[in-house]
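What follows is a short report on a single structure.
Just so you know, these numbers use all the heavy atoms, side chains as well, and skip hydrogens, waters and symmetry mates. Read the numbers this way: they start at 1 and go in the same order the structure lists the ligands and their atoms.
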Amino acid sequence: MNARVLILHTGGTIGMTGSPDGLRPMAGFGAALGAQLQATGAPDCDIVELAPLIDSANLQPAHWRHIADALLSRWDDYAGFVVLHGTDTMAWSASALSFMLRGADKPVIFTGAQIPLLLPRSDAAGHLRAALEIAAAGTVREVGLLFGQRLLRGNRSRKLKSVAFDAFDSPNCLPLADIGIDITVHPERLLAPTERRFTLPAFDAEAVAVLPIWPGLPARVVDALLESPAVRGLILASYGVGNVPDADAALIDTLARAVDRGVVVLNTSQCPVGPVAQGAYATGAVLNRIGVVPGGDMTPEAAFAKLHVLLADGGDAAAVRAQLGRPLCGEMS
Ligand code: ASP
């Protein structure tokens, strides 16, 4: 088996340099990275850079297709893949890739850094080295996100800390591996192999909207959000176990009309830990009555990416709703 790994650099702090406006992606990072990897005797690898490199705050759903395309066009040539990505939207991209590469038979490990590789005290080299070893070993056959001392399931991960080195966690899912002196993979936590179901859909960036519920949210704000016919999916970020202000008839009516005209509405919680239990309270049961899909313990990032991929894949509302409520690749318990 050829244990060569492909590193796909998309941008992010790991490959940035200072500018008068703060950190920006750096030209020539691939060459600097290659030299450093060679000097430190890393596993055999090739480096590909996406153009243009981005701060991941600029990520669009179309980038997910570019990333997946770059991996799939080289899928048979490598034992595994490391995707270098900005931390701001890494959880969103790792989630999206997990739905585009269902049944992946090779590791796809997202990583990045809080401090650029070429600056003092960087956390990048440790992440990179561990990600390369996991990708070369081939045991973890799914999309993971490696940060700090852990490998997390990509579609369970969230960036929870903005400046700490352990920026990511997967609050509803145990880590897939612990990174210490040894890299300890937990085989019982990995996805069971399934049939490959790769997809490279064309995304419409307007297809999915996100609506946080807040005290006093006016129905007309929701109407305005859903006004465009391009919006075909809505992620609710509701309170607690999935509750919304059911006393506001206009608000509930707005959501019900959206469902009736074919908008797929998925309910996630504003709480990072624990599942949606739609109907534990009357304030959540109303969503069952109007056809909102409960999101279980899916992260908002995974819910958003899942809905985008399913809609872009061409399913009608009924088919998308049916798939949304069940786990496709470890994204919900
Ligand atoms: N703004 C950066 C990005 O997401 C942050 C990072 O990479 O840590 O690209």
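- Considering backbone and side-chain N/O of Ser56, one or more are found under 3.5 Å from N/O of ligand 1.
- In this structure, Asp105 pairs ionically with Arg196, as a charged nitrogen and a carboxylate oxygen lie closer than 4.0 Å.
- Less than 4.0 angstrom separates some heavy atom of Asp55 from each of these atoms of ligand 1: 1 (N), 2 (C), 3 (C), 4 (O), 9 (O).
- Salt-bridge formation is detected for the pair Asp46/Arg4: a Lys NZ or Arg NE/NH1/NH2 atom is positioned less than 4.0 Å from an Asp or Glu carboxylate oxygen.
- In this structure, atom 8 (O) of ligand 1 lies nearest to the protein heavy atom Thr87 OG1, 2.4 Å.
- Each of the atoms 8 (O) of ligand 1 lies under 4.0 Å from some heavy atom of Ala113.
- A salt bridge between Asp166 and Lys161 is present, with a side-chain N of the basic residue lying under 4.0 Å from a carboxylate O of the acidic one.
- Note on ligand 1: Pro25 sits outside its first shell, no heavy atom being nearer than 4.0 Å.
- Side chain of Asp297 to main chain of Ser333: a donor-acceptor pair is present (N/O by atom type, distance under 3.5 Å, no hydrogens or angles).
- Thr283 and Asp246 are not linked by any side-chain donor-acceptor pair at a separation below 3.5 angstrom, with hydrogens and angles left out of the test.
- Salt bridge absent: Arg156 and Glu331 never bring a charged side-chain N and a carboxylate O closer than 4.0 Å.
- Listed by number with element, the atoms of ligand 1 under 4.0 Å from a non-hydrogen atom of Thr13 are 2 (C), 5 (C), 6 (C), 7 (O), 8 (O).
- At least one N or O atom of Asp88, backbone or side chain, sits closer than 3.5 Å to an N or O atom of ligand 1.
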